[in-house]
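In the text below, chain A, chain B and the rest are named by the order of the sequence lines, each starting its count at 1.
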Amino acid sequence: MSVNRRELLLGAAVGAAGLPLLGAMPSFAQTASSFTPEKGASLRVLRWAPFVKGDEDAWLANTKKFTEKTGVEVRIDKESWEDIRPKSAVAANMGAGPDMVWVWFDDAQQYPDKLVDVSALANKLGAAGGGWYPGLEGYAKRDGKFVAMPLAAIGNAICYRESHMKAAGFSEFPKDTKGFLELCKALKAKGTPAGFPHGKAVGDGNNYAHWLLWSHGGKTVDESGKVAINSPETLAAINYAKELYGTFIPGTESWLDINNNRAFLANQISLTANGVSLYYAAKNDPKLAEMAADIRTTNFPVGPVGQSIELHQTTSIATFKHTKFPQACMAYLEFMYQPEQMNAWLQGSSAYCCQPLKAYASNPIWTSDKNHAAYAKASETLRPNGYAGPLGYASAGVMADYVLVDMFAEAVTGAQTPENAIKRAEARINRYYRV
Amino acid sequence: MTDHAGTAGRAPAPPSFLSRLGQSRNALGLAFMLPAGVFLICFLAYPLGLGVWLGFTDARIGRTGQFIGLENYQFLWIDAVFWLSVFNTLLYTITASILKFGLGLWLALILNQHLPFKAFFRAIVLLPWVVPTVLSGIAFWWIYDSQFSIVSWSLIKLGVIDHYINFLGEANMARASVIAANVWRGIPFVAISLLAGLQTISPSLHEAATLDGATPWQRFRYVTLPMLSPIISVVMTFSVLFTFTDFQLIYVLTKGGPVNATHLMATLSFQRAIPGGQLGEGAAIAVAMIPFLLAAILFSFFGLQRRKWQQGGSD
């Protein structure tokens, strides 16, 4: 590291001293940086390959503005989303590679000691932006310190065909799990069934399984990290899943991430859960105009636990301690999280990325299309995986090994009794939490 | 060589160490083998050794692990998913290899006959082998799709069945489906290699057998098969190894689902090591494949290559 501790502190102090002065000019203060990038600094940022082009365009445009303003060159590299986890872990532990990475889920919790503590900036941004959403904050915070900057939740919501729902005798979408089951039964009776993946679908399968468990009050581990899957709540969740599965289109146990999109767009199912991409696939296809007009989105129904909870997908920006330009990193982060940039980026992502700070819930993107509203709540309903225990290797391992997905799939297909499926899941979770 | 002539001219001077080294057959042999040796050590022995070592540590991705002895293996020993993957791998390998051998040999025998458009057929047989695995995997994914399967669709239109076949959703059906896809892919390799072997068999042997009054079956059993067995042993060794370590096909079709019914040791190793981050455990699963692979190799080399068998005798 070319900047020693004293210089770093000095830089922060100078920046802080300058701030009150700028505060007198509110419009200017928004974009003024409290960090001074090192001389000749240049940054490398690794992000996941965008799912919607507007996201990348907006982010690059914002970055360009940053470069023009500060002279700091920022190179943005892309990797397919599955490669981010290994690449970031290697960068963390080799102490080389990109300065910042857009990590997934609990990645930052796996090597917190290799990451720059961004608490000061995060608290400031949080205070200015109406506060962080607790779910996103949970993924980024360890022992009271921000080890990464929460960036977005990639929302998942129920997508359904309104005409099919009405034909099944429902004038509005049921709010609770009980009504939801009735709707799915009625849809099946009408020959327009629902379908949720019980196969190894990394995103959709995990989201569905976690919702089933959490909405009924189940949890993999308790607050202290003790395995707590074997509970009446889990059993209730499984029994509910079994009933729901009975109303699905056949074959959902083999579904991977893309199958539900295909089935929905081909009129095979009329209800599933997905990112906003499903709606856009229909909307951008002139042949599916009729279907697009009929698609509605909503949040998953509320279960016995009484609140709307989902897994979704989360991404945070981790800054590595091996960066040569920590001040430039902070300046970049601060700049990108200013309302002007953040709003432009959220808008560019066309409802795919949900804001990390509560103030951005008023972004016009969420009202620009009636089907965006459900995705606006992603950050609010998000709960970190490995609930209710601490995040880390064990929580990541349990999810990567599809333990919950398998538990529900085993039980709903009748391969195991619900009790056995829970016991088998318990044994597997125990392995990760090393009991 | 000129150097050699020079030293020979000045006989009294004792040859220097270097020139003696240059003339020693053993030293030269070693020197010539050195590049290959270095290559093998760097790219084969080292990764293998590292893999074995990782299996004894609790390494995560990017973090060097501590030595934990056999703990990974102890965990695997009580892991039902691991044992299921062992069972799946054995079932997958044995069934697919037998089918590939039977069908491949059959195809080779047919192609060895005098057929019209022989060259064309021989070329077309290679197609499944030429197509990249991931592409053929995706093709099979559509063929097996639970909603859009062409097979189910055709059968329904023909009135044979009344609902879509759940190819990849039901455990045994999924196993059969992935094995079928693997067999489709693996047949050309076996068929073309055996065809090459068939063509090395001298026609005079068949003529002699025919003159002795051997039936076609007897000619196959006592002439073709023994002559072919060295090729068979090599081809099937490779075929078994390819099948045992198959990854792409499973990963595209099912990712190991439904409920791990098609998880092979290779796919489980990847799932635990890379997305799961448990590098040590993933390595341990990969290392656990080695004994099976060694057994397959030893069986084919010491079993199938026995001279007695090759000469048509039995023990």
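Taking a cutoff of 4.0 Å between a charged side-chain nitrogen and a carboxylate oxygen, R428(A) and D406(A) qualify as a salt bridge.
Only the side chain of E82(A) comes within contact range of chain B, judged by heavy atoms closer than 4.5 Å. At a 4.5 Å heavy-atom cutoff, V398(A) makes no contact with chain B through either its backbone or its side chain. Heavy atoms closer than 4.5 Å to chain B are found nowhere in A415(A), neither backbone nor side chain. Neither the backbone nor the side chain of I78(B) comes within contact range of chain A, judged by heavy atoms closer than 4.5 Å. A409(A) touches chain B through backbone and side chain together, each having a heavy atom under 4.5 Å away. Heavy atoms closer than 4.5 Å to chain B are found in the backbone of P250(A), but not in its side chain. With a threshold of 4.5 angstrom between heavy atoms, N259(A) approaches chain B through side-chain atoms but not through N, CA, C or O. Heavy atoms of Y393(A) lying under 4.5 Å from chain B belong to its backbone as well as its side chain. In this structure, chain A has a heavy atom under 4.5 Å from the side chain of F148(B), while its backbone stays farther away. Heavy atoms closer than 4.5 Å to chain B are found nowhere in I84(A), neither backbone nor side chain. E71(B) touches chain A through its side chain: at least one heavy atom from C-beta onward sits under 4.5 Å away, while N, CA, C and O do not.
Interface remark: of the candidates Q278(B), E170(B), Q271(B), Q271(B) forms the most heavy-atom pairs closer than 4.5 Å to chain A. Interface remark: of the candidates E253(A), H198(A), K200(A), K200(A) forms the most heavy-atom pairs closer than 4.5 Å to chain B. The greatest number of non-hydrogen atom pairs below 4.5 Å with chain B, out of S88(A), P86(A), A396(A), A266(A), is found for P86(A). Ranked by heavy-atom pairs under 4.5 Å with chain A, the first of L268(B), I274(B), D145(B) is D145(B). Interface summary for chain B: among M407(A), Q110(A), Q268(A), the most heavy-atom pairs under 4.5 angstrom belong to Q268(A). Between chain B and the residues A201(A), A263(A), A427(A), the most heavy-atom pairs under 4.5 angstrom are made by A263(A). For the set D79(B), V81(B), L168(B), the entry with the most heavy-atom pairs within less than 4.5 Å of chain A is D79(B). By number of non-hydrogen pairs under 4.5 angstrom with chain A, the leading residue of A174(B), G277(B), P275(B) is P275(B).
Both cation-pi conditions hold for R262(A) and W141(B): the charged atom is under 6.0 angstrom from the six-membered ring centre and inside a 45 degree cone around its axis. Figure legend: K114(A) and Y111(A) shown without cation-pi pairing, the cationic atom not lying both under 6.0 angstrom from the six-membered ring centre and within 45 degrees of its axis.
For the 3.5 Å distance criterion, the side chains of R175(B) and N172(B) qualify, holding a donor opposite an acceptor. Y402(A) and N206(A) form no side-chain donor-acceptor contact under 3.5 Å, judged by distance and modelled atom types alone.
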Handout entry: Evaluation steps, salt bridge (Lys or Arg N to Asp or Glu O under 4.0 Å), between R272(B) and D401(A)
Key = CA-CA 7 Å; R272(B) 296 256 167 99; D401(A) 213 18; 2.9 Å; yes

Problem - Stepwise side chain to side chain donor-acceptor pair (under 3.5 Å) test for W255(A) and Q147(B) - result: CA-CA 10 Å; W255(A) 277 10; Q147(B) 273 77 42; 3.0 Å; yes

Exercise for the section: In sequence, state the C-alpha distance, the side-chain angles, and the governing distance for R85(A) and D107(A), and then conclude on salt bridge (Lys or Arg N to Asp or Glu O under 4.0 Å). Expected result: CA-CA 7 Å; R85(A) 175 162 278 182; D107(A) 283 348; 2.6 Å; yes

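With S97(B) as the partner, the side-chain contact (heavy atoms from CB on, under 4.5 Å) test is satisfied by one option alone out of L241(B), V183(B), V240(B): V240(B).
Counting heavy atoms of neighbouring residues, nucleotides and ligands inside a 6.0 Å radius, atom OH of Y46(B) does not exceed 12 of them.
Note that CG of L187(A) is 12.0 Å distant from CD1 of I249(A), once rounded to the nearest 0.5 Å. Separation of atoms CD1 (I229(A)) and CG (L235(A)) is listed at 11.0 Å; rounding is to 0.5 Å.
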